[in-house]
S.K.: 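One structure is given below, represented as structure tokens, and several questions about it will come after.
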Protein chains: 2
Amino acid sequence: MTPVKNPPMMTATRSSKSRAAFKARPIQKSSISDDIVQQIMKQISSGNLKPGERLPSERDLCKSFNTGRSSLREALRCLSIMGVLTARVGEGTSVSTDGSKFLETVMQWRFITEKYDIRNLMETRISLEGLAAASSAERATEDEIAALEILIERMEGFVDDAKRYGALDLEFHLGIARASQNQVIYDLVSLIRGQLVRALAEVLVVPDARPRSTEEHKGIISSIRKRNPEAARKAMQAHLEAAITRYEDAHVSS
Amino acid sequence: MTPVKNPPMMTATRSSKSRAAFKARPIQKSSISDDIVQQIMKQISSGNLKPGERLPSERDLCKSFNTGRSSLREALRCLSIMGVLTARVGEGTSVSTDGSKFLETVMQWRFITEKYDIRNLMETRISLEGLAAASSAERATEDEIAALEILIERMEGFVDDAKRYGALDLEFHLGIARASQNQVIYDLVSLIRGQLVRALAEVLVVPDARPRSTEEHKGIISSIRKRNPEAARKAMQAHLEAAITRYEDAHVSS
DNA sequence: TACTGTCACATGGTCTGACCATCGTCAATC
DNA sequence: GATTGACGATGGTCAGACCATGTGACAGTA
């Protein structure tokens, strides 16, 4: 894990005098908290610790790991900030039941540290959501389809409210991702959507954008209801392409 | 951030007497280390703290944040375990220059806490790598294409060595993802690949798998060289579909 | 019987002070 | 000029303390 030592860095170009090349492997000294984090994660992955299960108290864990409370707490805190553990005063620490919170948190950070190019994001999104739509056409339940249709109706009531409309739009796209019955797609779509959230807000304020968007949504859900994967994919991709165009137009004019 | 309270959990099914549903939003009490983490991340995202730049010493930061060293350290430790910061004894703490390590670490954990379905992963991978191949056909540099071709030649020398072949295979797929000139795709492809690494090791030990795989690789790179996006996409997707088939055959027979 | 208040206890959250190992620096030394 | 050694700064670890909060048991009350 987290490297503690610098790479070898053979200082060959040192001076005139040549030295015997001394081979050595850098000592790996991982910190205590790193170790604890690893151990706990391993216990979780091995099923030894199940979601919702409670860990021993911090003071007990100190004895088990034979370590000070600070080191232990650094590990626990790290895991709980990342959403793997949930700690409550007076109640103890337990494994989080909602694992998705983890990805969510982390992606929020990813978006902070690294800015992706919007075109790259949209390009990837077109591919992923196309797949989501196609998969939904194959595997969405009747209930899911019905819910999406209702969602569209609700959106029509908010064509004049960019903010509300945007929220429902997000719900629509995530709904399709979920209806694909593919957790990977859902995670990735929501991930990318998180990165795009600022840019998309600009798109939907474009005049005329929302009515068009609604029509395109109807086309998508219609293809899904007809269980036509390729049509659904194409409809979704066309929808997103159109969104890009709207975005770029707005960007140029501003 | 990290929720401190339980969800509402309306205990509706309590007894015979019915109760008025009392709506309440759990109190959010963020801990100090959470705050510090947020603040530091914000400083990094705003560009106030640039990669490689050194932070004040822990003891100085304590004074700045007006907090104890333990709380501060919990935050710093969390960030450094996640790869955002790099801390070395006697040297200080600085912002990591390699941001990708962050995603890598995190995904390793994601894979630990949550197991994705292999079919879902492959399905998504087909879509993404198809896009990668298509984009590469449009945007790969001549150098990148040449490097991929050389890579294939090297792979032919290792058709008898499943392990080495696997390593080169990974390099090939990542190379195409990189040649797409789309950082998002590259990150996601390497992410998914990481999840699949165990399963894929099983695929390549199937007799006859490696020669076939090599042929398919040649087809992909050929389409890319011809600058034919759709052909490249189809070739890549066919390659991955074939890999699935090989995997399932191997799985059934075992 | 059902609710409510109280109290001891366990637990996570925070602070403080201390010691250690390591690194960079720079003067002293050969 | 190269090597060495002392010194200060820094992160890593520990132990002990106090606080605020949640839990559970128990008694009191209607």
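Computed from heavy atoms alone, side chains included, the values below leave out hydrogens, waters and symmetry copies.
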S.K.: Taking side chain to side chain contact (heavy atoms under 4.5 Å, CB included) as the test, write out the residues that go with A/Ser127, two or more places apart.
M.R.: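 Expected list: B/Ser127, B/Leu131.
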S.K.: Salt bridge or not between B/Arg193 and B/Asp169? Use side-chain N to carboxylate O under 4.0 Å.
M.R.: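 Salt bridge present between B/Arg193 and B/Asp169.
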S.K.: When you get a sec, tell me which of D/dT13, D/dG12, C/dC15 is the closest nucleotide to the side chain of A/Ile32?
M.R.: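 Looking only at side-chain atoms, A/Ile32 lies closest to D/dT13.
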S.K.: Can you tell me if A/Thr93 touches the phosphate of C/dG12, counting only side-chain N or O atoms and a distance under 4.0 Å to OP1 or OP2?
M.R.: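 Checking A/Thr93 against C/dG12: at least one side-chain N or O falls below 4.0 Å of OP1 or OP2.
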S.K.: Using the test ring-ring contact (aromatic ring centres under 6.0 Å, His included), find all partners of A/Phe158 that sit at least two apart in sequence or belong to another chain.
M.R.: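 ring-ring contact (aromatic ring centres under 6.0 Å, His included) list for A/Phe158, sorted by chain: empty.
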S.K.: Would you say a side-chain N or O of A/Arg73 is under 4.0 Å from OP1 or OP2 of C/dG13?
M.R.: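 Checking C/dG13 against A/Arg73, a side-chain N or O does come within under 4.0 Å of OP1 or OP2.
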S.K.: For DNA chain D, which residues of residues 53-69 of chain A approach it to below 4.0 angstrom with any heavy atom?
M.R.: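 Those residues are A/Arg59, A/Thr67, A/Gly68, A/Arg69.
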S.K.: With A/Asp143, which residues qualify under side-chain hydrogen bond (donor to acceptor under 3.5 Å, both in side chains), at least two apart?
M.R.: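 A/Asp143: no side-chain hydrogen bond (donor to acceptor under 3.5 Å, both in side chains) contacts found.
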S.K.: Within the structure, does a side-chain N or O atom of A/Ser71 lie under 4.0 Å from either OP1 or OP2 of D/dC14?
M.R.: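 Indeed, a polar side-chain atom of A/Ser71 lies that close.
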S.K.: With sequence neighbours left out, which residue pairs that include part of residues 48-58 of chain B fulfil the salt bridge (Lys or Arg N to Asp or Glu O under 4.0 Å) condition?
M.R.: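 Residue pairs with at least one partner in residues 48-58 of chain B: B/Glu58-B/Arg69, B/Glu58-B/Arg73.
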S.K.: Regarding A/Asp35 and A/Gln39, do their side chains bring together a donor and an acceptor under 3.5 Å, going by distance alone?
M.R.: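 Their side chains do not contain a donor-acceptor pair, so the 3.5 Å distance test is not met.
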S.K.: Starting at CD of A/Glu74 and ending at C1' of D/dC14, how long is that distance when rounded to a whole Å?
M.R.: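 Interatomic distance, CD of A/Glu74 to C1' of D/dC14: 11 Å.
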S.K.: Of A/Gly90 and B/Leu72, whose nearest nucleotide on DNA chain C comes first from the 5' end?
M.R.: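 Counting from the 5' end, the first nearest nucleotide belongs to A/Gly90.
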S.K.: Nearest whole angstrom, please: distance from the C1' of C/dG13 to the CG of B/Asp35.
M.R.: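 B/Asp35 atom CG is separated from C/dG13 atom C1' by 13 Å.
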S.K.: Starting at CD1 of A/Ile36 and ending at C1' of D/dT13, how long is that distance when rounded to a whole Å?
M.R.: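 Result: 11 Å.
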S.K.: Say you draw a straight line from OH of A/Tyr186 to CG of A/Leu174; how long is it, rounded to the nearest 0.5 Å?
M.R.: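 If I round to the nearest 0.5 Å, the distance is 5.0 Å.
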S.K.: Does a side-chain N or O from A/Arg77 land closer than 4.0 Å to OP1 or OP2 of C/dG12, or not?
M.R.: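 No, because none of the side-chain N or O atoms of A/Arg77 sits under 4.0 Å from OP1 or OP2 of C/dG12.
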S.K.: Nearest 0.5 angstrom please: B/Ile40 CD1 to B/Thr93 OG1, how far?
M.R.: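 OG1 of B/Thr93 is found 9.0 Å from CD1 of B/Ile40.
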S.K.: Out of curiosity, A/Leu188 CG to A/Thr124 OG1, how far, rounded to the nearest 0.5 Å?
M.R.: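 Going from CG on A/Leu188 over to OG1 on A/Thr124, the span is 10.0 Å.
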S.K.: How large an angle, rounded to 10°, do the end axes of the helix from C/dT1-D/dA30 to C/dC30-D/dG1 enclose when each is built from five base pairs?
M.R.: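 Inter-axis angle at the ends, rounded: 10°.
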S.K.: Take atom CZ of B/Arg88 and atom C1' of D/dA9, then tell me their distance rounded to the nearest Å.
M.R.: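 Between C1' of D/dA9 and CZ of B/Arg88: 16 Å.
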